[in-house]
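Below: one structure, written as structure tokens.
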Amino acid sequence: DGNPWAQFEYGSLLFKFDVNKALCWLDVSAQGECGEAHYTLALLNFYGTHIQRNFELYRTHIEAAIKLDFLDAFYHFGCCY
């Protein structure tokens with residue numbers, strides 16, 4: 001199972017080397033309820049960075065980050081509406 005924060009950090013570092021592995025680790029971290037991982041995945045889906053834009057996944061991840069009280073997620077979500 002592991003530490004969601006460590007999984008997030010590892011996934012973030014992997015972006016320089018392997019985007020697919022990085023996305024997998026961010027997803028694992030998000031499943032472990034890491035707000036920053038959800039927020040990062042939300043932004044990647046919103047802007048279409050490294051992946052195709054997907055507003056449905058954006059909303060899923062941004063709402064999860066908000067439920068975990070990740071403050072930047074509140075701001076970004078508010079700016080969209």
Side-chain angles (χ1 to χ4, degrees):
D1 295 285
N3 181 314
W5 180 253
Q7 293 163 340
F8 168 75
E9 288 292 323
Y10 184 63
S12 297
L13 291 172
L14 280 175
F15 268 109
K16 296 178 184 178
F17 308 103
D18 189 331
V19 172
N20 290 326
K21 284 185 182 177
L23 291 170
C24 287
W25 278 104
L26 288 177
D27 189 52
V28 168
S29 177
Q31 290 174 25
E33 297 190 357
C34 176
E36 188 140 4
H38 277 293
Y39 181 67
T40 301
L41 288 168
L43 293 183
L44 292 172
N45 279 287
F46 183 82
Y47 292 110
T49 308
H50 302 293
I51 54 177
Q52 186 175 350
R53 290 179 93 177
N54 185 327
F55 293 114
E56 204 170 299
L57 279 176
Y58 161 77
R59 187 171 180 132
T60 298
H61 285 294
I62 203 77
E63 287 177 350
I66 288 169
K67 287 179 184 173
L68 293 167
D69 291 326
F70 191 73
L71 295 180
D72 290 347
F74 286 93
Y75 173 78
H76 196 272
F77 192 66
C79 289
C80 292
Y81 290 94

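By convention here, the first residue in the shown sequence is residue 1. Quick caveat, the model's predicted, so the values are computed rather than measured.
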Does F17 CZ have over 12 foreign heavy atoms under 6.0 Å away?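 Result for CZ/F17: open.
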Keeping the roles fixed (side chain from T40, backbone from E36), state whether a donor-acceptor pair exists under 3.5 Å.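 It does hold such a pair.
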Tell me if a side-chain donor or acceptor on D27 pairs with a main-chain N or O of L23 at a distance below 3.5 Å.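 Side chain of D27 to backbone of L23, a donor-acceptor pair under 3.5 Å: no, none is there.
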Look up atom [atom1] in [X] and atom [atom2] in [Y], then write down how far apart they are to the nearest 0.5 Å.
X	Y	atom1	atom2	result
N20	F15	CG	CZ	9.5 Å
I51	L44	CD1	CG	5.0 Å
E9	L14	CD	CG	11.5 Å

Kindly give the heavy-atom pair with the smallest separation between [X] and [Y], and that separation in Å.
X	Y	answer
H61	N45	CD2-ND2, 4.2 Å
P4	S29	O-OG, 2.7 Å
A65	A73	CB-CB, 3.6 Å

Taking the six-membered ring for Trp, are F46 and Y58 parallel (under 30°), tilted (30 to 60°) or perpendicular (over 60°)? tilted
Quick one: do [X] and [Y] end up in the same hydrophobic cluster if we chain Ile, Leu, Val, Met, Phe, Trp and Tyr together by side-chain heavy atoms under 4.5 Å apart?
X	Y	value
L71	Y39	yes
W5	L26	yes
V19	F8	yes
L43	I66	yes

Got a sec, which pairs hit salt bridge (charged side-chain N to carboxylate O under 4.0 Å, His left out) with one end in residues 61-75, sequence neighbours left out? R59-E63
Pair H38 and F70, ring centroids less than 6.0 Å apart: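 They do not qualify: ring centres at least 6.0 Å apart.
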